[in-house]
Amino acid sequence: MYLSFIYISSLLSTNFNFSNDRYSDNQRAQDAMNLTFFHWGIHGWIVYVVVGLLLGFLTYRKDLPMTMRSCFYPLIGERIYGWMGDFIDILSVVCTMFGVCTSLGLGAIQLNAGFQRLNRNIAFSTTNQIITIWGVTACATLSVVSGLKLGIRRLSELCFGIGMILMLIVLFFDETWYLLNLYVQCIGYYLQYVVQIGFHTDAFAQLHSAPDKLEASEWMNNWTIFYWGWWIAWCPFVGMFIAKISRGRTIKEFINATLTAPIFYTFLWITIFGGAGLRMERNAALANITCSSLLGGKNATQSFLGLYRLSCRSKNDMWFDVMDQYGDLGQFLSVTSLVGIILYFVTSSDSGSLVIDCLSANGDPDPPVLQRVFWALTEGATATALLYAGGTDALQALQAVSIAAGLPYTILLCFMCVALWRAVQMEAGDLDSNGPQFSISLFNPISQPSCKAFFKLFLATVAPWYVIGIAAKRRKPNSPRGMACSMILMGVPFYAWIAMMVAELLPVKGISYVGWAVLFLFFAVATAIRTGIREKDGIHGNMVEDFFVVMLLYPFAAYQMDQHVLNHQTRERCDTEHGHVGSYENPVYKVTGHKKTEITKL
């Protein structure tokens with residue numbers, strides 16, 4: 001509820017500090033809105049859509065359990081029921097836990113500031129914030145025990161209603177024509193600049209070397225990366241939650257309900273409250289209010305004619321400063337905001353607890369009540385520990401935890417995108433799930449351990465050129481010269497890389513970078529061999545996938561190629577002995593008797 005506005009005000013402050021000689025005030029205000037829309041637009045909501053759509057599709061179309069491991073069924077098949085599936089679910093539980101705890105901690109800080117505004121005798125302290133966390137946790141526990149259709153649903157509807165009341169009051173009380181114009185204008189700017197901003201990485205600012213000193217090198221870390229980590233940390237929780245309530249929808253309906261509609265509603269919310277905040281900041285500047293002003297300044301307890309200099313104010317005060325400008329309604333709006341914030345975080349906590357319950361119960365839609373209580377209390381305890389350990393830097397601690405939780409899940413999200421594409425291809429008949437594939441999985445030495453497998457994996461680790469070269473020779477036995485060339489082209493750069501990494505320890509400064517560059521020759525040759533094996537056997541895939549498998553998991557890739565070619569050779573020999581000559585062909589799978597909407601329905 002509050003972070004969207006805080007973000008705009010903080011960005012406005014950054015622009016005033018670093019951009020006075022470059023932009024007009026109107027341009028700085030528009031930049032603030034553009035970047036806020038970027039953070040809360042497609043780039044934020046898409047992670048929920050990917051997880052929710054993939055999970056709902058596989059659960060309702062393929063009868064897989066409602067748990068995060070199911071998302072990887074198009075990639076690893078039945079192995080989701082082994083240790084890999086367990087690892088995915090455990091990581092999802094941890095990610096969801098820290099994502100919800102970050103929200104609880106930030107909400108407690110905001111609520112403490114709000115209570116202090118209403119009663120100056122209430123101190124802004126870690127103790128009061130911890131008390132707030134446990135109050136929210138107690139309400140969330142009662143809600144999650146009551147179930148999805150009663151407590152969680154009704155609280156969510158109440159929260160939405162409170163948010164709508166606040167938004168409409170501000171829209172009509174403030175300069176309505178200005179806010180509506182701002183909404184239309186900002187959507188236009190967003191559509192024009194979303195690609196440019198999406199690829200902007202602050203590359204020059206990260207050099208810390210701008211001659212004019214007009215740079216904010218830490219800004220992206222403090223805001224964009226934080227939001228990125230926070231969105232992703234929430235994606236297992238929100239993705240599973242929206243998948244639960246989306247049965248019977250088509251893919252088009254699902255995307256419209258979980259991406260299009262939320263984005264335009266969020267943009268309206270940001271425009272109304274962000275626009276009101278920007279207007280206050282500009283009016284305060286015209287009224288000569290500065291950070292040192294006794295009324296409306298940094299440490300002021302009262303406004304100057306309803307105005308505060310927001311760029312000087314604490315992040316926790318900004319929301320209530322904006323509410324105060326609406327005269328007699330200011331107190332009512334502040335109290336209503338506090339109630340809304342409390343209920344929003346209660347619904348976040350109880351929904352998070354329910355999702356974690358389902359994950360830890362292997363997808364059981366109705367986990368035991370005692371388990372629900374355990375996870376709700378665990379969330380409260382974790383948020384308390386983060387706040388207490390952070391002390392005066394609690395906000396930074398919460399941001400760090402959010403980013404740390406989102407980082408490992410980013411890798412899983414990338415695989416989920418591939419899994420979603422393959423799942424839809426299989427459903428449409430463009431890809432046969434029973435067609436040719438590698439005879440063993442990439443992680444076979446771990447999933448089916450044996451002394452022979454570990455020895456071969458060790459050999460593939462220290463001498464991958466040999467293992468891959470032998471696989472190439474078995475595939476083309478009449479080309480010994482080609483095998484020798486391949487081994488040399490892989491072995492020389494591989495050991496040169498190791499030697500140069502060791503030489504860096506002696507002082508041969510920079511030699512390790514040469515080693516990394518040379519190593520890519522090994523990756524290129526190994527990728528070419530893997531691609532050749534895959535294409536000859538008709539296995540679905542592409543060279544990009546082959547390259548990343550070799551680059552990130554070269555011992556497993558080498559082991560897989562060697563065993564696949566060996567198994568293929570053995571099968572061909574058996575077929576020849578029994579008089580069966582032929583190759584395995586990929587049968588064409590055609591969809592018949594299904595309408596398009598039926599194919600894409602969850």
Relative to the ring of [Y], is the ring of [X] parallel (under 30°), tilted (30 to 60°) or perpendicular (over 60°)?
X	Y	result
F237	W234	tilted
F494	F522	tilted
W45	Y48	perpendicular

Residue pair [X] / [Y], side-chain heavy-atom distance below 4.5 Å:
X	Y	result
I255	I251	yes
W375	M97	yes
Y559	I440	yes
V525	W465	no
T59	R247	no

Around atom [atom1] of [X], are there more than 12 heavy atoms from other residues, nucleotides or ligands closer than 6.0 Å?
X	atom1	answer
F443	CZ	yes
L370	CG	no
M501	CE	yes
W421	CH2	no
F454	CZ	yes
Y466	OH	no

Point to revise | Backbone N/O of V93 and side chain of T96: donor-acceptor pair under 3.5 Å | key: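 Checking the backbone N and O of V93 against the side chain of T96, no donor-acceptor pair under 3.5 Å is found.
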Check your understanding: Just by distance, do the side chain of Y554 and the backbone of T461 share a donor-acceptor pair under 3.5 Å?
Key ->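 Checked: pair present.
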At their closest point, which heavy atom of [X] faces which heavy atom of [Y], and how far apart are they?
X	Y	result
E253	R249	OE1-CA, 3.4 Å
A558	V467	O-CG1, 3.5 Å
S439	Q563	OG-O, 4.0 Å
L457	P445	CD2-CB, 4.0 Å
D89	M68	OD1-N, 3.4 Å
I46	H43	CG2-O, 3.9 Å

Practice item. Before giving the answer on side chain to side chain donor-acceptor pair (under 3.5 Å), spell out for D562 and H564 the whole-Å C-alpha distance, their side-chain angles and the decisive distance to 0.1 Å. Key: CA-CA 6 Å; D562 176 74; H564 170 76; over 6 Å; no
Review point. Say you draw a straight line from OG of S450 to CG of N444; how long is it, rounded to the nearest 0.5 Å?
Key: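 Rounded to the nearest 0.5 Å, the OG-CG separation comes out at 8.0 Å.
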Practice item. Begin with the C-alpha distance, continue with both residues' side-chain angles, and end with the deciding distance and a verdict on ring-ring contact (aromatic ring centres under 6.0 Å, His included) for F455 and F458. Key: CA-CA 5 Å; F455 173 76; F458 173 76; 7.2 Å; no
Exercise for review: Would you mind telling me which of Y227, W230, W231, W228 makes a ring-ring contact (aromatic ring centres under 6.0 Å, His included) with H39?
Suggested key: Y227
